[in-house]
Structures are given as C-alpha cells and as structure tokens.
2 protein chains.
Amino acid sequence: MPVGQDAKRPRTRIQQRNRDLILGAALEVFSTHGFRGATLDQIATEAGLSKPNLLYYFPSKEAIHNELLSGLMDTWLDPMRALKSSGEPIGELLAYVDRKLEMSRLYPRESRLFANEIVQGAPRILEALKGDLKELVDEKVAVIRDWTKQGKIADVHPYHLIFSIWSLTQHYADFDVQVRAVLGDEEPYDAAPAYLREIFLKILTP
Amino acid sequence: MPVGQDAKRPRTRIQQRNRDLILGAALEVFSTHGFRGATLDQIATEAGLSKPNLLYYFPSKEAIHNELLSGLMDTWLDPMRALKSSGEPIGELLAYVDRKLEMSRLYPRESRLFANEIVQGAPRILEALKGDLKELVDEKVAVIRDWTKQGKIADVHPYHLIFSIWSLTQHYADFDVQVRAVLGDEEPYDAAPAYLREIFLKILTP
DNA sequence: CCTTCCTTTGACCGACTGGTCAAATACTGG
DNA sequence: CCAGTATTTGACCAGTCGGTCAAAGGAAGG
C-alpha cells in the first residue's frame with residue numbers, strides 16, 4: 001500500500017488516477033466473471049498496469065473487491081433513500097422505479113457485480129444486507145404501509161412490492177444479453193421505462 | 001469417457017449412478033461459483049469421487065457444464081411451452097406465472113446456474129438464446145398479441161410482459177439470500193405466490 | 001480358475017493462481 | 001542539482017488449476 005496513506009483517501013494525483021484505473025478495471029472483470037472467476041492478471045492487463053503495481057495500491061484481490069462493494073452499496077441505495085414520505089405516494093413510487101431503472105441503464109456493470117455477489121450467496125456482504133439494507137427497507141416499508149392505510153395506494157404487500165421494483169429494474173442490466181437476444185434487432189429495446197411505469201401504475205392504483 | 005458409450009446414454013447402472021452424482025455435484029458447485037470460479041476438485045469432492053474418475057465420465061470441465069446447461073434449457077422452457085393459445089387468456093398467463101414460480105422454488109440451483117451464465121454474458125449459450133428461446137418467445141408473443149387484439153387482456157407490451165414474468169419469478173431463487181436478509185425472521189417468506197398472482201391480475205385485466 | 005472388460009486411482013504435468021521482494025526508476029521539495 | 005520519497009517492475013514462490021497416463025482393482029461370464 002502507498003506509504004502516505006492510512007487505508008483511506010489517496011494523496012497524490014498519481015495515486016488517485018491509478019486507484020481509479022484499478023477499480024474501473026476490477027469492476028469490469030469482477031462483474032463479468034464473479035470474484036473467484038476473476039484474476040489479478042486480467043485486472044492488471046485491463047488497467048494497463050503490472051500485477052505487482054496493482055498490489056502496491058491494494059493489499060489483496062479481496063481488498064479490491066471489498067472496496068468496490070462497499071462503495072457500491074452506498075450509491076446503490078440512493079434512489080431508495082430519496083423516496084420521501086411527504087410526497088404524493090404514487091408519484092413518489094413511480095419516480096423511484098424511474099431512478100432505479102436509470103441506475104441500471106447507466107451502471108450495468110455495478111448491477112452485475114452486485115448480482116454476481118448475491119447469486120453466489122453474498123458471502124462478502126451478507127451482514128450489510130441484514131444490517132443497513134434491511135434497516136432502510138424497513139423504514140420505507142413503514143411509509144408504504146402508512147400510504148396504504150390512508151388509501152392513497154393499493155393494498156399490496158410492501159416488501160414484495162419493493163422486491164418487484166428491484167427485480168424488474170435490475171433485470172434489464174443483469175440479463176441484458178438475454179433481453180437483447182430475445183428482442184432481436186427489430187423489436188425496440190427502449191420500451192422498458194414506459195412499460196414499467198404503466199404496470200406499476202396499475203399495481204399501485206387503489 | 002466410458003468405452004461402451006457413444007457420447008450419449010449411459011449403459012450400465014454404475015455409469016448412470018456416477019454420471020448423476022457428478023452432474024448433481026457440478027450443479028451445486030457451478031451454481032454457487034460460476035463456471036470459472038468452480039473447480040474440478042470441488043466437484044469431485046462433492047460427488048465423492050476422485051478427479052481422474054470424474055474425467056473418466058466426462059472429457060472436460062466444460063463438457064460437464066455444457067451437459068448441465070443443455071439439459072436445463074429444455075426443462076426450463078417447459079412452463080412456457082405449456083402456455084396454450086386455446087385456454088382462457090388471463091387464466092393461462094397466471095398459470096404460467098405459477099408454474100414458473102414453482103420451478104424457482106423447486107429448482108433454485110438450476111435457476112442460479114442459468115443466472116450465473118446470463119449475468120456473465122452467456123458466452124456458452126448465446127446461440128441457444130438467439131435460436132430456440134427467441135423462437136419460442138416469438139411464438140407466444142404472437143398468441144399474446146392476439147389476445148390483446150381480441151380485448152381479452154390489457155394492451156401491454158408482450159415481450160416486456162414476458163420479461164416481467166421471468167424477472168419476478170426467478171428473483172426469488174436467484175436473489176434468495178437478499179430476500180431472506182431483508183425479510184428477516186418475522187416477515188412471512190411465502191407471500192410471493194399470492195402477491196404475484198395479484199399484481200399480474202392487475203396488469204393483465206383490460 | 002482365468003480372461004476380459006469396466007472402473008478407479010496415485011503420481012505427475014505444464015500453465016496459471018495470488019502474492020512477495022529487492023532493485024530499479026520517476027518524482028518532489030529544497 | 002541533489003537527496004529522499006513515491007512508484008514501478010522482473011524475477012520469483014508455493015499452491016492450485018485442468019488434464020493425462022500407466023497401472024491397479026473389480027465384476028462377470030465361461
């Protein structure tokens with residue numbers, strides 16, 4: 001690890017650049033092969049650095065992966081955090097769906113990194129799921145339950161409603177190749193946002 | 001490869017048993033680590049056989065994986081094939097959702113094997129996706145379009161409707177750990193079937 | 001019993017894995 | 001320019017990877 005660095009912020013411009021290079025390359029490789037399937041040589045090549053140079057900036061393969069995941073968990077939940085209890089219920093939830101779908105469109109590699117981790121049993125982030133994630137979801141579920149009680153939205157199971165949103169939005173990032181393979185070249189690929197807005201409107205309308 | 005075997009059906013009872021052992025172990029290992037993350041030693045240990053013995057029944061690691069995938073593709077599409085154009089439209093589609101969800105419940109490892117493959121870019125089954133899968137989907141989409149034209153179901157995008165069904169049902173197998181982590185111990189895990197039936201009824205009702 | 005064929009395995013191979021290290025190189029402030 | 005620090009790398013290591021092979025063990029019919 002670089003000397004002038006106590007496990008956090010990079011100091012120099014060169015450190016910043018190389019850390020970014022490494023994390024970018026690692027995101028690419030981890031998201032396409034999973035943790036065990038990815039190799040340091042691949043990441044190094046992708047980053048345009050030598051393998052020992054990689055390990056000068058990060059102490060191990062797992063450290064790179066952890067850095068990606070913990071950095072991800074934060075921004076990944078932002079769309080949900082932005083769900084305000086004060087807003088108009090259906091509009092708030094549809095906006096959440098939009099944000100989540102936009103997230104999948106802009107950051108498909110991050111989505112697949114996460115998907116890989118979960119599908120493979122989430123050995124490295126299970127605690128975060130049971131902790132921070134569950135806490136945030138519980139909080140928003142309370143809001144949704146309130147809206148239901150007030151008759152503002154339909155009485156659907158709040159947890160499973162949230163799972164639906166995650167599932168449907170991330171599907172377009174995680175299963176992208178399948179979606180493209182099935183749609184072929186003629187069918188429009190970008191009908192997803194309108195479709196999702198339409199069905200969630202139906203689901204949520206009392 | 002066993003001598004009395006021309007690339008297909010096992011002959012003796014011992015071949016049958018060992019092939020089953022290997023494929024079962026391989027399913028377990030591949031579905032939790034992906035193709036590259038899985039090792040022959042792991043599979044051998046899981047199967048209770050030695051590694052050279054594994055390679056007596058299958059020529060390579062990839063051959064085992066291929067066998068699993070091609071065997072899977074077939075049964076995985078059965079629920080969709082069973083969707084009959086002659087039935088009552090909404091009932092047929094809801095029954096399809098049910099079958100698909102039941103599939104995820106009964107065969108989560110198969111679902112995760114498939115998910116792993118797709119998330120990682122489907123390098124080994126892309127052709128099957130563009131071929132058999134697309135063909136079957138196109139056929140069923142035609143049926144759905146017909147139902148829509150007759151006003152039997154709501155006018156929703158047929159391809160994306162199918163993606164929704166896949167996404168939502170498989171989510172409970174592929175993201176099982178996340179679902180369980182978020183639900184915790186108090187919330188009921190088995191509300192999914194009723195929830196899905198409810199929302200798809202809303203989506204499909206004209 | 002012996003022969004024949006199916007099955008299993010220990011020892012081994014070259015390639016690759018994550019990771020180390022000392023030495024070389026670039027960069028910085030004085 | 002120089003000293004000191006930050007960065008980079010070639011050579012290397014022990015362990016693991018997928019896969020081979022010759023030889024041993026097992027079953028079954030004659």
Side-chain angles (χ1 to χ4, degrees), chain A residues 1-23 25-30 32-69 120 123-124, chain B residues 1-23 25-30 32-69 120 123-124:
Chain A
M1 182 152 25
V3 180
Q5 181 181 355
D6 45 57
K8 277 294 151 202
R9 309 294 146 114
R11 307 271 161 174
T12 73
R13 228 153 284 143
I14 210 167
Q15 277 180 30
Q16 183 65 265
R17 179 179 59 91
N18 282 346
R19 278 179 59 93
D20 288 353
L21 274 174
I22 293 169
L23 289 175
L27 176 59
E28 182 69 30
V29 177
F30 280 134
T32 28
H33 296 290
F35 179 74
R36 291 198 40 178
T39 74
L40 287 179
D41 289 281
Q42 270 181 293
I43 299 173
T45 302
E46 181 86 19
L49 301 173
S50 68
K51 186 169 61 169
N53 205 3
L54 234 74
L55 294 161
Y56 172 70
Y57 290 99
F58 293 90
S60 70
K61 179 185 178 182
E62 192 154 15
I64 304 178
H65 195 251
N66 283 345
E67 181 91 2
L68 279 177
L69 279 182
Q120 302 188 1
R124 281 164 286 270
Chain B
M1 185 156 14
V3 180
Q5 182 181 355
D6 45 58
K8 276 295 151 201
R9 307 296 144 114
R11 307 271 162 175
T12 73
R13 230 152 282 143
I14 211 167
Q15 279 181 30
Q16 183 65 266
R17 180 180 58 88
N18 282 346
R19 279 179 58 94
D20 288 352
L21 274 174
I22 293 169
L23 289 175
L27 176 59
E28 182 69 29
V29 176
F30 280 134
T32 21
H33 296 291
F35 179 73
R36 290 199 41 176
T39 74
L40 286 179
D41 289 281
Q42 268 181 295
I43 299 173
T45 302
E46 181 86 19
L49 301 173
S50 68
K51 186 169 60 168
N53 204 4
L54 234 74
L55 293 161
Y56 172 70
Y57 290 100
F58 292 90
S60 69
K61 178 185 178 183
E62 194 155 15
I64 304 178
H65 195 251
N66 284 345
E67 182 90 2
L68 279 177
L69 279 183
Q120 302 188 359
R124 281 164 286 269

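Fair warning: this is a prediction, and the values are worked out from it, not measured in the lab. Naming convention: chains lettered A, B, ... in sequence-line order (proteins, then strands); numbering from 1 in each chain.
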query = Got a sec? Which of residues 45-52 of chain B come in under 4.0 Å of DNA chain D, heavy atoms?
reply =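 Within residues 45-52 of chain B, the residues near DNA chain D are B/K51, B/P52.
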
message = I want to check something: taking the side chain as every heavy atom from C-beta on, are A/I22 and A/N53 in contact at a cut-off of under 4.5 Å?
response =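 The answer is no, as the side chains (C-beta and beyond) never meet within the 4.5 Å cut-off.
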
query = Do the non-hydrogen side-chain atoms of B/T39 and B/H33 ever get within less than 4.5 Å of each other?
reply =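 In short, these two side chains do not touch, never coming nearer than 4.5 Å.
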
Whole angstrom value for the distance that separates [atom2] of [N] from [atom1] of [X]:
X     : N      : atom1 : atom2 : value
B/Q42 : D/dG18 : CD    : C1'   : 13 Å
B/L40 : D/dG18 : CG    : P     : 4 Å
B/I43 : D/dT16 : CD1   : P     : 17 Å

request  = From the options C/dG18, D/dT20, D/dT7, select the nucleotide whose nearest atom is closest to the side chain of A/I14.
outcome  =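 The listed nucleotide nearest to A/I14's side chain is D/dT7.
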
Does a side-chain N or O of [X] approach OP1 or OP2 of [N] to a distance below 4.0 Å, or not?
X     : N     : value
B/Y57 : C/dT8 : yes
A/Y56 : D/dT7 : yes
A/N18 : D/dT8 : yes
A/Q15 : D/dT7 : yes

ask   = So what does A/A38 touch, heavy atoms closer than 4.0 Å: a base, only the sugar-phosphate, or nothing?
value =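 The residue A/A38 makes sugar-phosphate contact but no base contact.
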
inquiry  = Does the Lys NZ or Arg CZ of B/K61 fall within the cation-pi geometry relative to B/F30 - under 6.0 Å from the ring centre and within 45° of the axis?
reply    =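 The answer is no, since B/K61 fails at least one limit relative to B/F30.
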
